[in-house]
Amino acid sequence: MSLPRRLAFVDVETTGAQPLRDRITEIAVLRVEDGVLIERWQSLVNPEMHIPRMIQDITGIDDAMVAGAPRFEALADRVAALVEGCTFVAHNARFDVVFIQNAFARCGREFAAEVLCTVKLSRALYPEH
């Protein structure tokens, strides 16, 4: 099995686990082409809603940290450019993809990408674990 030439490793932190209700609080992207790290990018995101205490404890991100951060709409072009032409790679990718799709939808935009989930990949490679 060979990996695609262009990969975008993506991770998001959110205000909770419900993609239609909750919002992104942080997004990070590593863009890799032909095995070489091309770009590393990260931003806090103002979710425009309170971050529950339990989530603050898990992520270390609190309301004060995101108060002055850009809203996702201001970051959408950057995120789209980083992921464009890449396979979207994430651990438990469905979570990250759905949150990003919903964030784009709230901006009146679509988001689609070929996805590689490292949870599914690890289960396929190491089914005994």
Participant: Atom CG of Asp57 and atom CG of Asp62: how far apart are they, to the nearest 0.5 Å?
Facilitator: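 The distance works out to 10.0 Å.
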
Participant: Side chain to side chain contact (heavy atoms under 4.5 Å, CB included) for Val45 and Val66? Distances and angles first, verdict last.
Facilitator: CA-CA 6 Å; Val45 180; Val66 297; over 6 Å; no

Participant: Quick one: pull up CZ in Arg23 and CD in Gln18 and give me the separation to the nearest 0.5 Å.
Facilitator: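 Going from the CZ atom of Arg23 to the CD atom of Gln18 covers 12.0 Å.
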
Participant: Hydrophobic cluster membership, with links at side-chain heavy-atom distances under 4.5 Å among I/L/V/M/F/W/Y: are Phe95 and Ile61 in one?
Facilitator: no

Participant: If you draw a 6.0 Å radius around CZ in Arg106, do more than 12 non-hydrogen atoms from other residues or ligands fall strictly inside?
Facilitator: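 Yes.
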
Participant: Is Arg109 paired with Asp77 through a side-chain N to carboxylate O contact shorter than 4.0 Å?
Facilitator: yes

Participant: Got more than 12 heavy atoms from elsewhere within 6.0 Å of CD, Glu110?
Facilitator: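 Not buried by this count: 12 neighbours or fewer within 6.0 Å.
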
Participant: Determine whether Val89 and Leu82 fall in the same hydrophobic cluster, where Ile, Leu, Val, Met, Phe, Trp and Tyr are linked whenever their side-chain heavy atoms lie under 4.5 Å apart.
Facilitator: no

Participant: Remaining members of Ile38's ILVMFWY cluster at a side-chain heavy-atom cut-off under 4.5 Å?
Facilitator: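 Other cluster members: Val36.
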
Participant: Would you find a donor on one side and an acceptor on the other, under 3.5 Å apart, between the side chain of Thr25 and the backbone of Thr15?
Facilitator: no

Participant: Is the distance between the ring centroids of Phe9 and Phe88 less than 6.0 Å?
Facilitator: no

Participant: Does Asp63 reach the main-chain N or O of Ile51 with its side chain, forming a donor-acceptor pair under 3.5 Å?
Facilitator: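 It does hold such a pair.
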
Participant: When you look at CD of Glu73, are more than 12 heavy atoms from neighbouring residues, nucleotides or ligands closer to it than 6.0 Å?
Facilitator: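 Check fails, neighbour count at 12 or below.
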
Participant: Report yes or no: do Trp41 and Phe99 belong to one cluster of Ile/Leu/Val/Met/Phe/Trp/Tyr joined by side chain heavy-atom distances under 4.5 Å?
Facilitator: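 Shared cluster, yes.
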
Participant: Could you tell me whether Arg71 and Glu48 make a salt bridge, using a distance below 4.0 angstrom between a side-chain N and a carboxylate O?
Facilitator: yes

Participant: Are the side chain of Asp96 and the backbone of Ala90 linked by a donor-acceptor contact shorter than 3.5 Å?
Facilitator: no

Participant: Rounded to the nearest 0.5 Å, how far apart are NE2 of His91 and CG of Leu116?
Facilitator: 11.5 Å

Participant: Treating Asn46 as the side-chain partner and Ala67 as the backbone partner, does any N or O pair qualify as donor plus acceptor under 3.5 Å?
Facilitator: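 Pair found, side chain donor or acceptor close to backbone of Ala67.
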
Participant: Under 4.5 Å between side-chain heavy atoms, counting indirect links through other Ile/Leu/Val/Met/Phe/Trp/Tyr residues: same cluster for Val12 and Leu30 or not?
Facilitator: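 As far as the 4.5 Å side-chain criterion goes, Leu30 and Val12 are not connected within one cluster.
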
Participant: Identify the two heavy atoms, one from Arg94 and one from Lys120, that lie closest to each other, and give their separation to 0.1 Å.
Facilitator: NH2-NZ, 4.3 Å

Participant: Can you tell me how far CG of Leu44 sits from CD1 of Ile24, rounded to the nearest 0.5 angstrom?
Facilitator: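 So the gap between those two atoms works out to 12.5 Å.
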
Participant: Please tell me whether Val115 and Phe111 are part of a single hydrophobic cluster in this structure, the criterion being side-chain heavy atoms less than 4.5 Å apart.
Facilitator: yes

Participant: Calculate, to the nearest 0.5 Å, the distance between atoms OG1 and CD1 belonging to Thr14 and Ile58 respectively.
Facilitator: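 Atom-to-atom, Thr14:OG1 and Ile58:CD1 are 9.0 Å apart.
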
Participant: So, the side chain of Arg6 versus the backbone of Pro4: is there a donor-acceptor pair under 3.5 Å, distance only?
Facilitator: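 Judged by distance alone, no pair lies under 3.5 Å.
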
Participant: So which heavy atom on Pro70 is nearest to which on Ser43, and how close?
Facilitator: CG-OG, 4.0 Å

Participant: First locate atom CZ of Arg123, then atom CD of Glu128, and finally report the distance between them rounded to the nearest 0.5 Å.
Facilitator: 13.5 Å

